[in-house]
2 protein chains.
Amino acid sequence: MERSPLAPAAFPALPDIEGVTLRIAQARYKEWDRCDLTYAELAEGTAVAGVTTKNLCCSSEVELCREGIKGGRARALIVNAGNSNAFTGYRGREAVEQIMGQVAGHLGCAPSEVFVSSTGVIGVPLPKDKARAGVEAALAAAPCSWEDAARTIGTTDTFPKGATASAMIGDKKVSLSGIIKGSGMIAPDMATMLGYIFTDAAIEPAILQEMLNEANAESYSCITVDGDTSTSDTVLVFATGKAGNAPLVNRDSPGADAFQAALTDICTQLAHLVVKDGEGAQKFIEIRVTGAVSDVSARRIGLSIANSPLVKTAIAGEDANWGRVVMAVGKAGEPADRDRLSISFGTTQVAANGYPVEGYDEAPVAAHLKGQDITIGVDIGLGDGRASVWTCDLTHGYISINADYRS
Amino acid sequence: MERSPLAPAAFPALPDIEGVTLRIAQARYKEWDRCDLTYAELAEGTAVAGVTTKNLCCSSEVELCREGIKGGRARALIVNAGNSNAFTGYRGREAVEQIMGQVAGHLGCAPSEVFVSSTGVIGVPLPKDKARAGVEAALAAAPCSWEDAARTIGTTDTFPKGATASAMIGDKKVSLSGIIKGSGMIAPDMATMLGYIFTDAAIEPAILQEMLNEANAESYSCITVDGDTSTSDTVLVFATGKAGNAPLVNRDSPGADAFQAALTDICTQLAHLVVKDGEGAQKFIEIRVTGAVSDVSARRIGLSIANSPLVKTAIAGEDANWGRVVMAVGKAGEPADRDRLSISFGTTQVAANGYPVEGYDEAPVAAHLKGQDITIGVDIGLGDGRASVWTCDLTHGYISINADYRS
């Protein structure tokens, strides 16, 4: 698959996180000559938090992750690429439990401290023999780079994705490094969005979870490629506590706000990278909704626009078709008044108070739409609610990837 | 635009409806040499019922239709093609009121008995001068055929759409003839689904409305092309009462069930025709959901599948990708249990009880998917709720129609 035109020039330089060691191996879940099993070894005492798919038909990996998150502590992460192990019943669950037991035996920890994700084809139980050999090879492998790990968790991704952020907690600098995979909510073989963030900050699991929920609401929950929600979506944050900062125990701990900002920052960066690898994406679209009755309402309206095939095809066609934006606002089911609605493309207002702007000059809008980064502004005119959501355009590339090739 | 490959061989023979006279004229709402204004003159005492878009940013036509429906009586219908008059503020409303007044003056009826629909480009007020001249020409035109009227209400439709049904009420046969336009929930220039059904049955407006609501729930509300809900969607039923049957006044009136069945039948036929003219459609897809906790839940699950770009592209690619169906069930937000789910394509079960069927033979499924009429069966395994929904596949044609041409 050709590299997305929206990909960054290079993989960014991510700082090492003390207490995190990455290793990769070949489990050969598919007939391919690449690493497809990633192992992150985490220091004792590492806190964990996570958000997972709301899809009711989720995989055993997701179910077991949710259970593990309740414990609040993690010692290891295993990510399998090439087989999502979804819709595989008890056989699939057994394979995950085998991996958890194998790694726990190696580290001398509880199986519930081992987190497993899988991504790839659906309906085929993860082969236990390949998993066992792959894990064994990973446990013994030499440490690898962030970029190697980012590449190894990927499936249909056209580029490896990573981001970093940092924050001061008191006089201690804490670092966050994260990797993510995803290229559409669901890629051709049920590939999915999986994201992992590692930090050396000392932080209690409960507050880490609260902060991840907040970051998620403004990042992963604000992106869409095709509106399809995967059965395996998972984002985990691991905090090793090695930075030596005074532990964050609640919202009032000094540095909590700075850490929240850094966490939201890295989540947003990673979320944007997924959109930029959206199947067939040629343009990155930011939809800024203001004036809604609440932030939640603004986000719903934004996602209604971002999920509209007609809006997405209009952007692909570089067409300032604001009528389709009106339609998408109206179908969101959120409070909206046609006669208060204002719409802009880039910095140019095209409609205000329910009517096309007098003497509207299409030239700057046409120029904006020819670019790769598109901004659509929508003011609902009813309140102070606001949200930004991000998506990509809907192109022939999406159809080719999803219809022209058999799975 | 090329005729849809799913179009019927010919426009059907529709019976005349006593008390209904159709006329068409050229208002030239666009620079085209075709009729674009349709006028249906209705006998005194005609009952009316209607369902309209739930889109909150609806057109003035829709607002005024809703008001007219409350009165229960109709004398005329005017349909403008080429300009939807949506998002045009008070100027748009004035144009509709002008048409209502003009026709009411001609017929000597109340303006509220004149129903107006418009379809086409958005954001441009319907030009009053063209509307006045067009209506004047239509009022004086010779009566035309159902096919002419069906063609005249169309915009991006690739074929004219009509259907008929009949019922016995006591010893009187009543007839229903209907026409519809639509080609996607929204076509390139905000074209929309507009449907009109005419019957000679004698029936009170209140029960006609109740029956239309029931028919709508099983027909128009069960189709989707792209999940985008237009700002102008309208379906109206006019009953002239000329058949001489004992008037239907409630559900217990003799023949009420037969009329309900005929109404649901014609609505379903018309709804299917819209899907068969779906933008870029190559395949007609029926999704039969059974075993849901309720009929409403079944319909939501069905629409989640029918609106999934990944399911629709898989069908376009003739790919029995049942994993995408599982995903779409899970994201519907309705009660579902991964391990009770069964899925079939055509008559072949591919997954049962949350696991691929043992010894599944792909050959009959592959053969089914090569056809034009595709059936996906999903059993949720939880209750007795059932629903059928209809959609088309998502193809390069959809992208070409919506992205490659500028509006």
Side-chain angles (χ1 to χ4, degrees), chain A residues 54-58 86-89 91 121-124 184 186 189-190 226-231 307-310 313-314 316-319 321-324 326-333 335-339 341 351 353-356 393-396 398-400 402-407, chain B residues 54-58 86-89 91 121-124 184 186 189-190 226-231 307-310 313-314 316-319 321-324 326-333 335-339 341 351 353-356 393-396 398-400 402-407:
Chain A
K54 290 181 180 160
N55 194 304
L56 291 170
C57 296
C58 68
F87 214 62
T88 56
R91 298 171 187 80
V121 72
I122 195 181
V124 180
I186 315 267
D189 280 327
M190 205 68 177
D226 49 21
D228 276 341
T229 309
S230 122
T231 51
N307 278 323
S308 161
L310 289 168
T313 48
E318 302 182 346
D319 179 3
N321 194 320
W322 56 271
R324 296 183 182 178
V326 176
M327 173 281 299
V329 171
K331 78 164 181 160
D337 178 344
R338 184 188 66 197
D339 297 336
L341 211 52
N353 302 319
Y355 200 74
D393 54 346
L394 176 56
T395 68
H396 283 290
Y398 183 87
I399 305 292
S400 294
N402 287 299
D404 297 353
Y405 306 117
R406 294 290 307 272
S407 65
Chain B
K54 290 181 180 160
N55 194 303
L56 291 171
C57 295
C58 68
F87 213 62
T88 56
R91 298 170 187 80
V121 72
I122 193 181
V124 180
I186 316 269
D189 281 328
M190 205 72 174
D226 49 21
D228 277 342
T229 310
S230 124
T231 52
N307 277 323
S308 161
L310 289 169
T313 48
E318 303 182 344
D319 179 4
N321 195 321
W322 56 272
R324 296 182 182 177
V326 176
M327 174 280 300
V329 171
K331 77 163 183 164
D337 178 343
R338 183 190 66 198
D339 296 337
L341 211 53
N353 303 317
Y355 200 74
D393 54 346
L394 175 56
T395 68
H396 284 289
Y398 183 88
I399 305 291
S400 294
N402 287 298
D404 296 354
Y405 306 117
R406 292 291 306 270
S407 68

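Letters go in sequence order (proteins before strands), and every chain restarts at 1. Atoms considered below: every heavy atom in the structure, side chains included; atoms not considered: hydrogens, waters and symmetry mates.
- Residues B:H396 and A:S400 come closest through the heavy atom pair CE1-OG, 3.1 Å.
- Counting heavy-atom pairs closer than 4.5 Å to chain B, the top-ranked of the candidates A:N307, A:T395, A:N353, A:V329 is A:T395.
- Taking CD1 of B:I122 as the reference point, atom OG1 of B:T88 lies at 8.5 Å (rounded to 0.5 Å).
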Test side chain to side chain contact (heavy atoms under 4.5 Å, CB included) applied to B:N402 and A:R324, step by step: CA-CA 11 Å; B:N402 287 298; A:R324 296 183 182 178; 3.4 Å; yes

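- Ranked by heavy-atom pairs under 4.5 Å with chain B, the list A:A328, A:A314, A:A351, A:P356 is led by A:P356.
- Interface summary for chain A: among B:G354, B:G89, B:A316, the most heavy-atom pairs under 4.5 angstrom belong to B:G354.
- Considering only heavy-atom pairs separated by less than 4.5 Å from chain A, the leading option among B:A332, B:C58, B:P335 is B:C58.
- The most heavy-atom pairs under 4.5 Å with chain B, out of A:S308, A:G123, A:P309, come from A:P309.
- Here the straight-line distance linking atom CG of A:L310 with atom CG of A:L394 works out to 9.5 Å at 0.5 Å rounding.
- Note: A:L341 leads A:L341, A:D337, A:V124, A:D393 in heavy-atom pairs under 4.5 Å with chain B.
- Note: A:F87 and B:W322 have tilted aromatic rings, judged against thresholds of 30 and 60 degrees for the angle between ring planes.
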